[in-house]
**Student:** 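Pasting a structure below so you can have a look.
The residues of the chain are indexed from 1 along the displayed sequence.
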Amino acid sequence: MTATATRVLVLNSGSSSVKYQLIDMNDGTRLAVGLVERIGEQTSRLAHTPLAAGGDKRETEGAIADHDAALKAVAAELAADGLGLDSPQLAAIGHRVVHGGLKFTEPTVIDDAVLKEIERLVPVAPLHNPANITGIRTAQAMRPDLPQVAVFDTAFHATMPEYAARYAIDVETADAHRIRRYGFHGTSHAYVSRRTAALLGKDPSEVNVIVLHLGNGASASAVAGGHCVDTSMGLTPLEGLVMGTRSGDIDPAVTFHLKRVAGMSTDEIDVLLNKKSGLIGLCGDNDMREIRRRIDEGDERAALAFDIYIHRLKKYIGAYSAVLGRVDAVAFTAGVGENAAPVREAAVAGLEEMGMAVDASLNAVRSDEPRLISPEYARVAVAVVPTDEELEIAQQTYALVNA
């Protein structure tokens, strides 16, 4: 890496998409952002915005056969703006990898051995790790001389004590099949917990925070002094809060019941719990804006779905308050957490005895900046902290290659 190499390309490769950002680590400036979606279809779409040049978004549609073609298209768009992958200013490529298991608890420079271990984890992340691997291999082929770094969603949660990470099942069976609670959204929880501490004017080591990452996928974490001590997602992202299409916590015997009584296959139950449950299963919508609109029109089914969502959220706030003992802040983040004021208000309503409250006027303000929405008298700060997983990945990547 040259002394002038200060840029990091962040790649988030999904099963049929690639999200990317090019960031200058001198000041965290976004030079370009984009998305390739519907990879493998005739209607593939690439949206690219060259922020460095102040340019307008460019969109192209047409068949993009695979991730190799997608990344080559991304490289061409970047090159058109003078930001090509051959630039000596590019220090590294940082990859989001969903599952790192117990082995990867820090950002890691990718080599053949690391790739093989990520492949070994495919059975516990069958929807995510294969796509991550594809993106890594394609990027390696395009720039074999450049450091490629994996930043793992599970890494931040690796500090959970064993009593929080273990399921109460036979130890030998659990160990043989790597069954334990790993947690996800770790880059978001890490970033938001630190930003919340900064918002309070304190070092992360001094602050206990409950982070609520509420998007279509949703998770909660208890962060004590900068370290995760518990989180709501488990072996997979299915456990925990009610989500857009996932059930969250459920009696495991429901799966046996559906198999025995309804005659459903394992795959059918998997699809039910991951893609046809949560808010969409309860009311047919997984967009919180649409659910709130329906509630305002008197839709009882939407109202019940909202109440179930909030009830589960409150249970986790209460549980993590008990786990932490002392709570300095509750931070809302991600799409719903950052934008749905009614969710924030309802989640904290009735928790005044726990020191939590929301100021209605502050809660109504829309902003892209971290902010407090609790009244001055509240013992526990309630905050809205926009997440920035791409910047977190870039920072971890850059720090590692510089070290």
**Student:** Apply side-chain hydrogen bond (donor to acceptor under 3.5 Å, both in side chains) to H213 and list each qualifying residue two or more places apart in sequence or on a separate chain.
**Tutor:** S188
**Student:** When rounded to the nearest 0.5 angstrom, what is the spacing between CG in L46 and CD in E61?
**Tutor:** 10.5 Å
**Student:** Could I get the full list of side-chain hydrogen bond (donor to acceptor under 3.5 Å, both in side chains) partners for D66, not counting sequence neighbours?
**Tutor:** none
**Student:** Does D270 have any side-chain hydrogen bond (donor to acceptor under 3.5 Å, both in side chains) partners at least two apart in sequence or in another chain, and if so, which?
**Tutor:** N274
**Student:** Quick one: list whatever passes salt bridge (Lys or Arg N to Asp or Glu O under 4.0 Å) with D299, sequence neighbours left out.
**Tutor:** R294
**Student:** Under the side-chain contact (heavy atoms from CB on, under 4.5 Å) rule, what do Y316 and L212 come out as? Steps first, then yes or no, please.
**Tutor:** CA-CA 9 Å; Y316 270 92; L212 303 172; 5.6 Å; no
**Student:** How close do A165 and R180 get, heavy atom to heavy atom, and via which atoms?
**Tutor:** CB-NH2, 3.2 Å
**Student:** What pair of heavy atoms forms the shortest contact from R195 to P370, and how long is it?
**Tutor:** NH2-CG, 3.1 Å
**Student:** Would you call D68-K72 a salt bridge at under 4.0 Å N-O?
**Tutor:** yes
**Student:** Could you tell me which residues satisfy salt bridge (Lys or Arg N to Asp or Glu O under 4.0 Å) with R289, sequence neighbours excluded, listed by chain and number?
**Tutor:** D287
**Student:** So V242 and H311, do their side chains get closer than 4.5 Å, heavy atoms only?
**Tutor:** no
**Student:** Mind running salt bridge (Lys or Arg N to Asp or Glu O under 4.0 Å) on D56 and R58 for me, showing each step along the way?
**Tutor:** CA-CA 6 Å; D56 295 327; R58 302 194 296 265; over 6 Å; no
**Student:** With sequence neighbours excluded, what pairs up with F184 under the ring pair (Phe, Tyr, Trp, His ring centres under 6.0 Å) test?
**Tutor:** H99
**Student:** Restricting to pairs with a member in residues 220-229, which pass salt bridge (Lys or Arg N to Asp or Glu O under 4.0 Å), not counting sequence neighbours?
**Tutor:** none
**Student:** Kindly write out the residues that satisfy salt bridge (Lys or Arg N to Asp or Glu O under 4.0 Å) with R194, not counting sequence neighbours, or none if the list is empty.
**Tutor:** E392
**Student:** Dump the intermediate steps for side-chain contact (heavy atoms from CB on, under 4.5 Å) on I291 and I295, then the final yes or no.
**Tutor:** CA-CA 6 Å; I291 290 171; I295 291 171; 3.9 Å; yes
**Student:** Are V343 and I310 packed together at the side-chain level, in the sense that at least one heavy-atom pair is separated by less than 4.5 angstrom?
**Tutor:** yes
**Student:** My understanding is that only residues two or more places apart in sequence, or in another chain, count here; which of them pass salt bridge (Lys or Arg N to Asp or Glu O under 4.0 Å) with E37?
**Tutor:** R45
**Student:** The criterion is side-chain hydrogen bond (donor to acceptor under 3.5 Å, both in side chains); which residues satisfy it with E345, sequence neighbours excluded?
**Tutor:** none
**Student:** Sorted by first residue and then second, give each salt bridge (Lys or Arg N to Asp or Glu O under 4.0 Å) pair with at least one member in residues 212-233; sequence neighbours left out.
**Tutor:** R181-D230
**Student:** Identify the heavy atoms of Y182 and L102 that sit nearest to each other, and give their distance.
**Tutor:** CE2-N, 4.0 Å
**Student:** Can you run down the side-chain hydrogen bond (donor to acceptor under 3.5 Å, both in side chains) pairs that involve residues 131-142, sequence neighbours left out, and say none if there aren't any?
**Tutor:** E119-R137
**Student:** Can you name the nearest heavy-atom pair linking A5 to P88, along with the distance?
**Tutor:** CB-O, 3.5 Å
**Student:** With distance as the sole test, does R344 use its side chain to make a donor-acceptor pair with the main-chain N or O of G337 at under 3.5 Å?
**Tutor:** yes
